[in-house]
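If you're wondering where the values come from, they're calculated on a predicted model, not measured in any experiment. By convention in this document, chain letters (A, B, ...) are assigned in the order of the sequence lines, proteins followed by strands, and residues within each chain are numbered from 1.
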Protein chains: 2
Amino acid sequence: MLLSWLEDPNADDLVAFLNDELRQPGRWLQVAGEMEVEYHGRAASMADAGDYLLILKPDASLQIHAARGIKPLNWQPQVDDVHVMQDGGRAVLHAERRSPAEWVRVAFLDAAYAVAMEPRDHGTRVLQGSEADMQRALAANPDVIEEGLEVVDVELPVEVGGIDLMGRDRDGRWVVVELKRGRATHEAVHQLERYVRHVRTLVDGAVRGILAAPAVTEPARNQLHGLDLEYVEVDALPAPPAEVEQTGLFEPAGLTQDVES
Amino acid sequence: MLLSWLEDPNADDLVAFLNDELRQPGRWLQVAGEMEVEYHGRAASMADAGDYLLILKPDASLQIHAARGIKPLNWQPQVDDVHVMQDGGRAVLHAERRSPAEWVRVAFLDAAYAVAMEPRDHGTRVLQGSEADMQRALAANPDVIEEGLEVVDVELPVEVGGIDLMGRDRDGRWVVVELKRGRATHEAVHQLERYVRHVRTLVDGAVRGILAAPAVTEPARNQLHGLDLEYVEVDALPAPPAEVEQTGLFEPAGLTQDVES
DNA sequence: ACATGAATATTGGAT
DNA sequence: ATCCAATTTTCATGT
């Protein structure tokens, strides 16, 4: 991964560097240091001077991270125009998005470093344990939900939304199944209730509603019972996550380190 | 912002560097280069070798970014333990979280650089235009929703959830108001319908339901009408976002640059 | 620790 | 372009 970089640049050098690099396609930039950040658009925010990390990716997404949290302090999923200029002796970056109309302005008070990378094509990524995976697995093997259950439809669109699994139990009753990959809340119960109520207007005979999830919140479980709906415990992942000790691969040869919290 | 850094380190140097820096509290680390990333926990994922950016913040949050998108490829909001070690000639970082049990493993195939920063205390940040702001503004000035509306309660907890605004109109009828800071969808309509239905079981007389948002999706609007509920357009931000041209502050002295997409 | 609901949610898919 | 639903959602705020 080619890269060029600047340490502790002054405003002139930083402006020149950024303008230079932004002219090249495919660049991935990072600038760290003391900044002020302002945003106007879907909301509006203003951050006083602080030490932040600005990331500008080759896909023209921008994010500014503070020293804590997963989520950026400010961001823009798609930057349509970016300008870098000098303003009052400071390097200033202005990123604009057309739709929705919004902009982020970063004033660099004291840049610690700036890096421009040129990443090669990234590798592929596979993810297991999504709700779609669950749906596929359960559609192929409905017995996990209930002995004798037959799946008739998957992601069946009805007026009030999409029914995850539609089936018939061993007694021929219709069964509406709502899936959640995580702990199901009362929202999931409301969804299921809506679907069941809707299906009851469409078909004759009994209609059962089953919430299938690895866990339910206590209030949700109570609501379920009150509405005469059912809960079945279903895991999102086929196998439980392997522990470090179980794999045996990652025994620390280096230092064992507890992270500060 | 103090920092130390390494360019194009070999496995030994990277392991030593990371172990060294992780021992210090308050460090903010970034490592860029070719990596393999594996995750097991709430889900499971595996990313082939690719150019990524790993960020380990002083609050013990970890994220690994690919060259596109706002969201990281992998992350961990709270790392309880990290180990850095050598494995088959590669530097390997293993980050573990206890609850929920999950881990991320990063194998560095070709690190381009590693930086350790020590950020000072960050500045303060103010955000305008949240739903809470909307709620406050409308509670203080309900005429924006409707002439003569009187707000009786804010965030009123009822069995089926929390009612954003509860009021009475000029004719003394109860009014349930559901707020959305963005475009309201059919989910908001369902929420409002639930609240209105519930309130009707609690009080005598007519109960109106109003969805207050800057916009509604077309299906949601149709559902509203079908349920005899109402929509009022309300902006989340007091003033529209200022354009670059309007401020006059950010005229590019530097290069005007269109970002590649 | 658990539950709840907002978020500049982002992201991918369907229409 | 719009709408919809999942997300390892994260995050703040209650209880």
Could you measure between the two C1' atoms, the one in C:dT8 and the one in D:dG14, and give it in whole Å?
24 Å
Please state how far atom CD in A:Glu155 lies from atom P in D:dC4, giving the value in whole angstrom units.
14 Å
I'd like the C1' distance from D:dA6 over to C:dA7, given in whole Å.
15 Å
The complete set of ring pair (Phe, Tyr, Trp, His ring centres under 6.0 Å) pairs with one or both residues in residues 42-73 of chain B, sequence neighbours excluded, reads A:His65-B:His65
Spacing of the C1' atoms in D:dT8 and C:dA14 (rounded, Å)
24 Å
Got a salt bridge between B:Asp81 and B:Arg98, using NZ or NE/NH1/NH2 to carboxylate O under 4.0 Å?
yes
Pairs satisfying side chain to side chain donor-acceptor pair (under 3.5 Å), at least one member in residues 152-167 of chain B, at least two apart:
B:Gln135-B:Glu155
Calculate the interatomic distance between B:Gln63 atom CD and D:dT7 atom C1'; express it in whole Å.
16 Å
Partners passing side chain to side chain donor-acceptor pair (under 3.5 Å) against B:Ser45 (at least two apart in sequence or in another chain)
B:Asn74
Polar atom pairs (N or O), protein with nucleotides 7-11 of chain C, under 3.5 Å:
unit_1, atom_1, unit_2, atom_2, d
C:dA7, OP1, B:Glu131, N, 2.5
C:dT8, N1, A:Tyr39, OH, 3.3
C:dT8, O2, A:Tyr39, OH, 3.1
C:dT8, O2, A:Arg42, NE, 3.1
C:dT8, O2, A:Arg42, NH2, 2.2
C:dT8, O2, A:Glu102, OE1, 3.3
C:dT8, N3, A:Trp75, O, 3.1
C:dT8, O4, A:Asn74, ND2, 3.0
C:dT8, O4, A:Trp75, N, 2.7
C:dT8, O4, A:Trp75, O, 3.4
C:dA9, OP2, B:Arg181, NH1, 2.4
C:dT10, OP1, A:Arg42, NH1, 3.4
C:dT10, OP1, A:Arg42, NH2, 3.0
C:dT10, OP1, A:Trp75, NE1, 2.6
C:dT10, OP2, A:Arg42, NH1, 2.8
C:dT11, OP1, B:Ile70, N, 2.5
C:dT11, OP1, B:Lys71, N, 3.3

Please give the distance between the C1' atoms of C:dA6 and D:dT7 as a whole number of Å.
15 Å
Please tabulate, one pair per line, each protein N/O and nucleotide N/O from nucleotides 13-15 of chain C that are separated by under 3.5 Å, including the distance.
none

By a strict heavy-atom criterion of less than 4.0 Å, which residues belonging to residues 216-230 of chain B are in contact with DNA chain D?
B:Thr217, B:Glu218, B:Pro219
Using whole Å, what does the distance between atom C1' of nucleotide D:dT8 and atom CH2 of B:Trp103 come to?
13 Å
Quickly work out the A:Arg183 CZ to D:dT10 C1' distance and round it to whole Å.
18 Å
Residues passing the side chain to side chain donor-acceptor pair (under 3.5 Å) test with B:Tyr39, sequence neighbours excluded, are B:Glu102
Can you tell me how far the CG atom of B:Leu165 sits from the CD1 atom of B:Ile210, to the nearest 0.5 Å?
10.0 Å
Name all residues meeting the side chain to side chain donor-acceptor pair (under 3.5 Å) criterion together with A:Arg181; count only those two or more places apart in sequence or in a different chain, and write none if there are none.
none
With a 4.0 Å cutoff (strictly under), does any side-chain N or O of A:His186 reach OP1 or OP2 of C:dG5?
yes
Please collect all salt bridge (Lys or Arg N to Asp or Glu O under 4.0 Å) contacts where either partner lies in residues 44-56 of chain A, sequence neighbours excluded, each pair once.
A:Asp51-B:Arg120
Using the test side chain to side chain donor-acceptor pair (under 3.5 Å), find all partners of A:Glu187 that sit at least two apart in sequence or belong to another chain.
B:Arg194
Figure out the CD/P separation between A:Gln191 and D:dC4, and round it to whole Å.
13 Å
Rounded distance (Å) that lies between atom C1' of D:dT8 and atom CD1 of B:Ile64:
12 Å
Side chain proximity check, B:Val232 to B:Leu211, heavy atoms < 4.5 angstrom
no
Return each pair, listed once, that meets side chain to side chain donor-acceptor pair (under 3.5 Å) where at least one residue sits in residues 217-230 of chain A; pairs must be two or more places apart or across chains.
A:Arg208-A:Glu230
Protein-nucleotide distance (B:Glu187, atom CD; D:dT2, atom P), rounded to Å
20 Å
Who pairs with B:Arg197 by salt bridge (Lys or Arg N to Asp or Glu O under 4.0 Å), at least two apart in sequence or on another chain?
B:Glu193
B:Ile163 CD1 to C:dT4 C1', in whole Å, measures 16 Å
